[in-house]
Amino acid sequence: MIKKLFVVHILTLLFITSCNKGENIKPNILFIMSDDHAYQAISAYDDRLIHTPNIDRIADEGMLFTNASVTNSICAPSRAVILTGKHSHINGKIDNIAKFDDSQMTFPQLFKTAGYQTAMFGKLHFGNNPKGIDDFLILPGQGDYINPKFLGKDRDTIITGYVTDVITDLTLDWFKNKRDKDKPFLTFYLHKAPHRAWWPSPEKFAEFYNKKFPEPETLFDDYSNRGTAAKTAEMNLLTHMQYMQDSKVRPSVFEKMKNVEPKIVYARGDGTFFEPSSNSFNDRYNRANDEQKKKYDVILNKISQDFETNWPKMNTKQKMQWKFQRYMQDYLATISSVDDNVGRVLDYLEKSGLDKNTIVVYTSDQGFYLGEHGWFDKRFIYDESFKTPLMIKWPNQIKPGTTNEEMVQNLDFAQTFLEAAMIDAPKDMQGESLIPLLKGNSDKWNRESVYYHYYEYPSVHMAKRHYGIVNKDYKLVHFYFDVDEWELYDRKNDPNEMNNVYNDPNYADVVVKLTEELKELRIKYKDSEELDKSFLYN
Ligand code: SGN
Ligand code: CA
């Protein structure tokens, strides 16, 4: 009898161990995404602006994608594409304004059903109840940099501190105290930084204020050889970046300077002007408590003094340069905090041993202009906002330190994660799993071009609606609303995209070929003129 019991016991133990082993084969996924993080501001891509040693660790230990892009370069739509694995015209979240239909399937729901523990901390941008997520604290809408409010499942809360540190503290607290050790995890760690109005922590504000950054070649672009859309967009540093909320000139000083220079206002593309409200500065600054304000004041006073003394003496070129430096100081300071905090999380994964079976992804919801073409913001299919940073590490699966040049998109994430977790992807998802690329089987990858479609117009920054096709060599774009204009860029010979060669006879064959391919892509992804029209505002 005792012998029999012993055998049963051993068999049970063996069964449990094998089940656990089976469970453990499923990898954990840590999805890190920041908001508006340009690849130009990650040293794994380009070290001229900033050194990001921690984010770079992910590339060093994994794969860096140099041609990763989004399907629609704007915040909430990009997130909807990521969650659904479907283009904007299919998931319906075409712009920041449209409502996200949360009755549709998102990939975290499939993970939860398959036995994963799921969590989300930081900026989602839509929905206060993300589906399929066990634990979450998310920022309402855009959220705040200083002492931010969070929406939770059971409670809303305001947490004292700097948003990037706070989101990290929440994520680490979840790892240390709430993680179910018997389940694999899918964790979203989503930064608000470096979103406008680029408000750094007091320490980084002081550290970056005195730094000088190299200007991009196209800072003084006059948009000749481009179409109407580039000329009428309202995202130029000199004419559209705001003095108070963006350059952080105190409202009192801005008011004084208006007597000296009545033109320091915000210009619209139609030649009219409006005066930005001082609230855009005050609402942000006044979130700080007295102790925090004291630290911010030291730098804010220097900025205002500098502006008051030197601005009137500057010529137009110098003014652009002044605005560029102020922009970079704050934008990059917020990124430096992201990098430090990503380092804290990577350190925890290593120390806990979790790193061994965890896929870590670093990306952004889109790229961003850091003065290229004289711009800030995103929206356009032109490279700096169309492309997005992407690096993935997965020990024993991805060869460390590899670079991949394939045309991959945020559309592909859902199917990639599902395949990694051995969960069947719904047939109507529109991306491709990146697993063959990650495992070094590039011959199993046959995508040559990607489809892009941007809608939010007329709206802030006034980037006209357009769709297009991009492959490694060319980019063909159709601005179809308000105007009917086509643009073609030779990506190899004109990487800065300064010359629209659509009407150049030397490119006639390319135009014919790409126009046909674009038509086919629109059919493949089920986009159409009827849909374009249905998405127009009334
Ligand atoms: C705000 C910003 C814009 C930005 C949009 C969308 N203005 O309106 O510059 O393009 O958000 O950004 S601000 O004065 O309020 O900062 S997105 O990342 O959410 O798409
Ligand atoms: Ca964004």
Side-chain angles (χ1 to χ4, degrees), residues 41 49-50 142-148 160-166 192-215 237-266 274-338 340 370-371 376:
L49 289 174
I50 191 169
Q142 297 283 11
D144 288 301
Y145 274 107
I146 306 170
N147 306 331
T160 305
Y162 183 64
V163 71
T164 307
D165 303 331
V166 174
K192 169 187 170 57
H195 194 272
R196 196 181 178 197
W198 318 297
W199 204 285
S201 70
E203 295 74 27
K204 298 285 183 189
F205 199 28
E207 184 187 331
F208 278 71
Y209 174 61
N210 277 322
K211 294 194 189 226
K212 282 264 169 295
F213 298 96
E215 292 165 7
L237 268 66
L238 186 64
T239 39
H240 306 113
M241 186 173 269
Q242 296 187 18
Y243 292 84
M244 293 179 285
Q245 68 157 41
D246 296 329
S247 302
K248 305 192 177 60
V249 172
R250 284 191 185 282
S252 53
V253 173
F254 180 78
E255 282 303 313
K256 258 201 274 176
M257 290 298 286
K258 268 187 356 204
N259 301 327
V260 183
E261 264 197 81
K263 279 247 158 144
I264 53 166
V265 283
Y266 186 99
F274 80 95
E275 287 186 17
S277 145
S278 54
N279 289 345
S280 57
F281 175 95
N282 290 332
D283 289 353
R284 289 166 164 112
Y285 172 72
N286 286 332
R287 292 196 65 82
N289 58 33
D290 288 348
E291 197 190 323
Q292 292 164 329
K293 271 186 187 157
K294 239 201 223 150
K295 294 185 191 162
Y296 281 119
D297 283 346
V298 178
I299 307 303
L300 289 170
N301 290 343
K302 284 188 188 171
I303 294 168
S304 285
Q305 266 163 22
D306 175 25
F307 184 71
E308 203 174 347
T309 318
N310 295 318
W311 188 263
K313 298 180 210 156
M314 293 179 203
N315 61 30
T316 308
K317 182 176 176 199
Q318 290 164 327
K319 285 175 175 168
M320 181 60 145
Q321 291 173 319
W322 188 91
K323 277 189 133 176
F324 171 76
Q325 294 300 337
R326 276 284 43 256
Y327 170 34
M328 282 303 93
Q329 286 160 0
D330 294 352
Y331 180 92
L332 296 169
T334 70
I335 285 177
S336 182
S337 285
V338 171
D340 290 351
L370 303 185
F376 62 105

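Since the structure is predicted, the reported quantities are computational estimates derived from the model, not experimental observations. Just so you know, residue 1 is the first one in the sequence shown, and it goes up from there.
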Checking [X] side chain against [Y] main chain: does a donor-acceptor pair fall under 3.5 Å?
X: T334; Y: Y331; result: yes
X: Q292; Y: P202; result: no
X: E308; Y: Q305; result: no
X: S304; Y: N301; result: no

> Yes or no on side chain to side chain contact (heavy atoms under 4.5 Å, CB included) for Y209 and R326, after CA distance, side-chain angles and deciding distance?
Replying inline: CA-CA 8 Å; Y209 174 61; R326 276 284 43 256; 3.9 Å; yes

Taking the side chain as every heavy atom from C-beta outward, state whether [X] and [Y] have any pair of such atoms under 4.5 Å apart.
X: W199; Y: D144; answer: no
X: Q329; Y: F213; answer: yes
X: S336; Y: I50; answer: yes
X: P276; Y: Q245; answer: no
X: D246; Y: Y327; answer: no

> Is K204 close enough and on-axis enough to F208, meaning under 6.0 Å and within 45°, for cation-pi?
Replying inline: no

> So is R250 actually on top of F307's ring, under 6.0 Å and inside 45° of the axis?
Replying inline: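 Geometry flag: not set, cation outside 6.0 Å or 45°.
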
Of the non-hydrogen atoms in [X] and [Y], which two are nearest, and what is the gap between them?
X: P251; Y: M244; answer: CA-SD, 3.6 Å
X: R196; Y: K192; answer: O-NZ, 4.4 Å
X: A41; Y: I335; answer: CB-CD1, 3.7 Å

>> So for atom NZ, which belongs to K258, do other residues, nucleotides or ligands contribute more than 12 heavy atoms lying within a distance under 6.0 Å?
In response: yes

>> Between E291 and K294 (salt bridge meaning N to carboxylate O under 4.0 Å), is one present in this structure?
In response: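 No salt bridge links E291 with K294.
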
> Which residue, W322, W311, F281, forms the ring pair (Phe, Tyr, Trp, His ring centres under 6.0 Å) with Y243?
Replying inline: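 Only match with Y243 under ring pair (Phe, Tyr, Trp, His ring centres under 6.0 Å): W311.
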
